[in-house]
**Student:** 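I have a structure I would like to understand better, so I am pasting it below and will then ask my questions one at a time.
Side chains included, hydrogens not; waters and symmetry mates left out as well; all remaining heavy atoms used. All chains are named by letter (A, B, ...) in the order of the sequence lines, taking the proteins before the strands, and each is independently numbered beginning at 1. Not measured: the values here are computed from a predicted model.
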Number of protein chains: 2
Amino acid sequence: MDADKVFKALADPTRRKLLDLLCERNGQTLGQLCENLDMARQSATQHLQILEAANLVSSVRRGREKLHFINPVPLHEVYERWVRKFERQRLSLLHDLKKELEGKQP
Amino acid sequence: MDADKVFKALADPTRRKLLDLLCERNGQTLGQLCENLDMARQSATQHLQILEAANLVSSVRRGREKLHFINPVPLHEVYERWVRKFERQRLSLLHDLKKELEGKQP
DNA sequence: AGAAGATGCAGATAAATACCTGCATATCAA
DNA sequence: TTGATATGCAGGTATTTATCTGCATCTTCT
C-alpha cells in the first residue's frame, strides 16, 4: 500500500464524497456520480483517477460506460497502521501531560 | 471534529512523521522534533500548527520550551466515521462486481 | 451511415501548500 | 546584565492542486 497516496486521496472533500456515494450504491457510472457533484465531468474524472491510483476505487469499462467500485482494503490498512497504533496509548496521555507539568514546576 | 482539517493534516508525510515521533515519545519540544526532520525549524512549526488546528496535537509552554502531546481522539473519530462504514460492505464487493458484469453481458 | 451519448485527453489558470530566509521576542544561566 | 538558547512572526517563492474549457474518441441506437 502506498500510504501517501491513500492519505492524499482522502484529503479532498470531493473525493470523500465520491467514496460516500459509492458506499451508498456501488458500481455507479461517471455520469451518475457527476449528478451529485456540482463540478465539470472532467474534474470528477481527475478525482476518480486519484482514488484509483490510491487503490481506493476500481473501475470496469462496460460499453461506453465506466463503472466504479469502492475498495475498502487500503482504508483498513490505514486503520491498522495509524489509528490502532495511536489508540494504544490513548489512556496514558493525560497521565503524560500531568506528569510533565508536575515534574518540572516547583 | 472538523474532518477536513484532520484529513488534510494527515495528508503530509512530514506531519505523519511528527505524529510517529510523538507516539514514540510524548511531550517532545519543538527542537527535539526538529532533530529528526531535516527541514528548517520554522517549517516544522508550521506543520505542528496544522496538527494543532486539527486537534491531533496539543502543546504546553514550559519556560522557553514548547512541549507537544499527541491526541488520538480525532483519529478515532475518523475511524468511526470512515473506516468502519466502508468495512461493513467489505465482503459484498466482489459479489457486486461479479453480479454487475454477469447481468449485463450475454 | 449518422446522430446522440459517455467518456478520454490536453492545455490554461487561480488558489493552496510547503519551503525558505531574516529578524524579533522571551527565557535561562553564568 | 549578558550571552546563549528556544521559539515566534512576516514575507517571499516554487511547486502542487483543483478546476475549467475545448476538442477527440468510442459506443449505441435508429
Side-chain angles (χ1 to χ4, degrees), chain A residues 2-22 25 27-54 56-69 100-101 103-106, chain B residues 2-22 25 27-54 56-69 100-101 103-106:
Chain A
D2 186 332
D4 197 59
K5 283 188 182 174
V6 174
F7 280 113
K8 286 198 165 128
L10 293 172
D12 184 89
T14 299
R15 292 193 286 269
R16 293 197 299 276
K17 180 163 187 179
L18 281 168
L19 291 179
D20 273 338
L21 290 170
L22 289 178
R25 184 152 54 99
Q28 293 189 66
T29 67
L30 174 59
Q32 290 174 324
L33 292 169
C34 282
E35 286 172 11
N36 297 284
L37 275 194
D38 193 42
M39 67 174 50
R41 170 185 55 82
Q42 292 89 335
S43 306
T45 297
Q46 289 185 328
H47 285 299
L48 285 165
Q49 284 171 345
I50 290 171
L51 289 170
E52 285 201 55
L56 286 161
V57 164
S58 303
S59 64
V60 177
R61 199 70 193 254
R62 189 185 63 195
R64 60 182 165 182
E65 294 178 323
K66 190 175 183 182
L67 308 181
H68 298 82
F69 297 86
E100 192 61 39
L101 292 173
K104 307 299 175 75
Q105 286 178 354
Chain B
D2 186 332
D4 197 59
K5 282 187 182 173
V6 175
F7 280 113
K8 287 198 166 127
L10 293 172
D12 185 90
T14 300
R15 292 194 284 271
R16 292 197 301 276
K17 181 164 187 179
L18 281 168
L19 292 179
D20 272 338
L21 290 170
L22 289 178
R25 185 152 53 99
Q28 293 189 65
T29 68
L30 173 59
Q32 291 173 322
L33 293 169
C34 281
E35 287 172 10
N36 297 284
L37 276 193
D38 193 40
M39 67 173 52
R41 170 185 56 81
Q42 291 90 333
S43 306
T45 298
Q46 290 184 326
H47 285 299
L48 285 165
Q49 284 170 345
I50 290 171
L51 289 169
E52 285 201 55
L56 286 162
V57 163
S58 303
S59 64
V60 177
R61 198 72 193 251
R62 189 184 65 194
R64 61 182 162 180
E65 294 176 325
K66 190 174 184 182
L67 309 180
H68 297 83
F69 297 86
E100 192 61 39
L101 291 174
K104 307 300 175 75
Q105 288 179 352

**Student:** For A/Gln28, is there any backbone N or O sitting under 3.5 Å from a side-chain donor or acceptor partner on A/His68?
**Tutor:** yes
**Student:** Under 4.0 Å between a side-chain nitrogen and a carboxylate oxygen: does that hold for B/Lys66 and B/Glu52?
**Tutor:** yes
**Student:** Taking C-beta and beyond as the side chain, do A/Leu48 and A/Thr45 meet within less than 4.5 Å on heavy atoms?
**Tutor:** no
**Student:** How long is the gap from OG1 on B/Thr29 to CD on B/Glu65, to the nearest 0.5 Å?
**Tutor:** 5.5 Å
**Student:** Indicate yes or no: at least one non-hydrogen side-chain atom of B/Asp4 is less than 4.5 angstrom from one of A/Arg16.
**Tutor:** yes
**Student:** In Å and rounded to the nearest 0.5 Å, what is the CD to CG distance from B/Gln42 to B/Leu30?
**Tutor:** 9.0 Å
**Student:** Going 5' to 3' along DNA chain C, which are the first and last nucleotides with any atom under 4.0 Å from a heavy atom of chain B?
**Tutor:** C/dT17 to C/dC28
**Student:** Just how large is the angle between the end axes of the helix from C/dA1-D/dT30 to C/dA30-D/dT1, five pairs per end, to 10 degrees?
**Tutor:** 30°
**Student:** Side-chain contact test, heavy atoms from C-beta onward, threshold under 4.5 Å: evaluate it for B/Leu56 versus B/Ile50 and give yes or no.
**Tutor:** no
**Student:** What closest approach, in Å, do B/Arg15 and B/Lys8 show between heavy atoms, and which atom pair accounts for it?
**Tutor:** NH2-O, 3.0 Å
**Student:** Counting primed atoms plus P, OP1 and OP2 as sugar-phosphate and everything else as base, spell out the protein contacts along nucleotides 3-15 of chain D at 4.0 Å heavy-atom distance: B, S or - for each nucleotide, 5' to 3'.
**Tutor:** -BBSBBB------
**Student:** Just how far, in rounded Å, is C1' of D/dA18 from CG of A/Leu37?
**Tutor:** 13 Å
**Student:** Would you check if the side chain of A/Lys17 reaches a backbone N or O of A/Asn36 as a donor-acceptor pair within less than 3.5 Å?
**Tutor:** yes
**Student:** Is the shortest heavy-atom distance from the side chain of B/Val57 to the side chain of B/Leu18 under 4.5 Å?
**Tutor:** no
